[in-house]
Amino acid sequence: MTATSWNGEIRAAVPGDADGVADLAAELALSFPFSRERFLASYPRLLANGDARLLLAAEGPRLLGYLLGFKHLTFYANGPVGWVEEVLVRGEHRGRDIGRALMSAFECWAAGQGCALVALATRRAAPFYRALGYQESAVYFRKLLD
């Protein structure tokens, strides 16, 4: 498929988007099996969390991608920073600047929240983030908890 220009919008998620966002999140799930039950329990809490931002890329009623990010306080940055936790654009819609639009919208939100920077962890999309002006800064460690 040849990439075509994108004529959609980036918008904040609303309660009625739950099923569409769940379908997108299921595509991203690699480290853990996707649980629709747990998703549906978390979704309204994320929408109500003032430090969370769930953005959707939509063309009309179709959801093509999402970004879930957070603002949290730090000492090292003398205040809040933005953290991108999840980004997904459906495979057939990649290369249309949808990911760039999601990231830009989150950066604007984070700046409006007084964040000094936006950060994220990735192994698979480093060239994409470098193209957006991100720099490698640290190694990511994790420990799975029971």
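Remember, predicted model here, so these are calculated numbers, not experimental data.
- Arg90 and His93 form no side-chain donor-acceptor contact under 3.5 Å, judged by distance and modelled atom types alone.
- Ring-plane geometry between Phe39 and Phe34 is classed as tilted, the angle between the planes lying from 30 to 60 degrees on a 0 to 90 degree scale.
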Chi angles and distances behind the side chain to side chain contact (heavy atoms under 4.5 Å, CB included) call for Leu54, Tyr66: CA-CA 7 Å; Leu54 179 56; Tyr66 79 97; 3.7 Å; yes

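- Just one residue in the list Leu46, Leu47, Leu56 forms a side-chain contact (heavy atoms from CB on, under 4.5 Å) with Val21, and that residue is Leu56.
- We find the CG-CZ distance between Leu55 and Arg11 to be 10.5 Å, quoted to the nearest 0.5 Å.
- Residue Leu132 holds its CG atom at 9.5 Å from CG of Leu120, rounded to the nearest 0.5 Å.
- Heavy-atom minimum distance, Pro80 versus Gly114: CG-O, 3.4 Å.
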Test side chain to side chain contact (heavy atoms under 4.5 Å, CB included) applied to Glu27 and Val89, step by step: CA-CA 9 Å; Glu27 288 186 34; Val89 175; over 6 Å; no

Full working for side chain to side chain contact (heavy atoms under 4.5 Å, CB included) between Leu117 and Glu107: CA-CA 8 Å; Leu117 62 89; Glu107 290 165 5; over 6 Å; no

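- In this structure, the side chain of Asp23 does not engage the main chain of Gly20 through any donor-acceptor pair within 3.5 Å.
- If you take NE2 on His72 and SG on Cys115, they are separated by 8.5 Å, rounding to the nearest 0.5 Å.
- Hydrophobic clustering of Ile, Leu, Val, Met, Phe, Trp and Tyr side chains at less than 4.5 Å, counting indirect connections, keeps Leu67 apart from Val81.
- Closest of all the heavy-atom pairs between Tyr43 and Ala13 is OH-CB, 3.6 Å.
- A donor-acceptor pair is defined here as one N or O able to donate and one able to accept, closer than 3.5 Å; such a pair exists between the side chain of Thr74 and the backbone of Gly79.
- Judged by distance alone, with hydrogens and angles left aside, the side-chain atoms of Ser104 form no donor-acceptor pair with the main-chain N or O of Arg100 at under 3.5 Å.
- Here the CG-OG distance, from Leu68 to Ser42, works out to 10.0 Å after rounding to the nearest 0.5 Å.
- Among all heavy-atom pairs drawn from Pro44 and Ala41, the shortest one is CD-O, 3.8 Å.
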Test log, rule side chain to side chain contact (heavy atoms under 4.5 Å, CB included), inputs Tyr134 and Met103: CA-CA 11 Å; Tyr134 284 76; Met103 290 297 295; 3.2 Å; yes

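- Residue pairs meeting the salt bridge (charged side-chain N to carboxylate O under 4.0 Å, His left out) criterion with at least one member in residues 43-56, sequence neighbours excluded: Asp51-Lys71.
- No single ILVMFWY cluster, assembled from side-chain heavy atoms under 4.5 Å apart, contains both Phe106 and Val14.
- Checked against side-chain hydrogen bond (donor to acceptor under 3.5 Å, both in side chains), Trp83 has the following partners two or more places apart in sequence or in another chain: Glu85.
- When all heavy atoms are compared, the tightest approach of Ala57 to Ile98 is CB-CG2, 3.4 Å.
- Residue Leu64 holds its CG atom at 10.5 Å from CG of Leu88, rounded to the nearest 0.5 Å.
- Between Leu40 and Ala18, the shortest heavy-atom contact is CD2-CB, 4.2 Å.
- Once rounded to the nearest 0.5 Å, the distance linking CD of Glu86 with CZ of Phe70 reads 7.5 Å.
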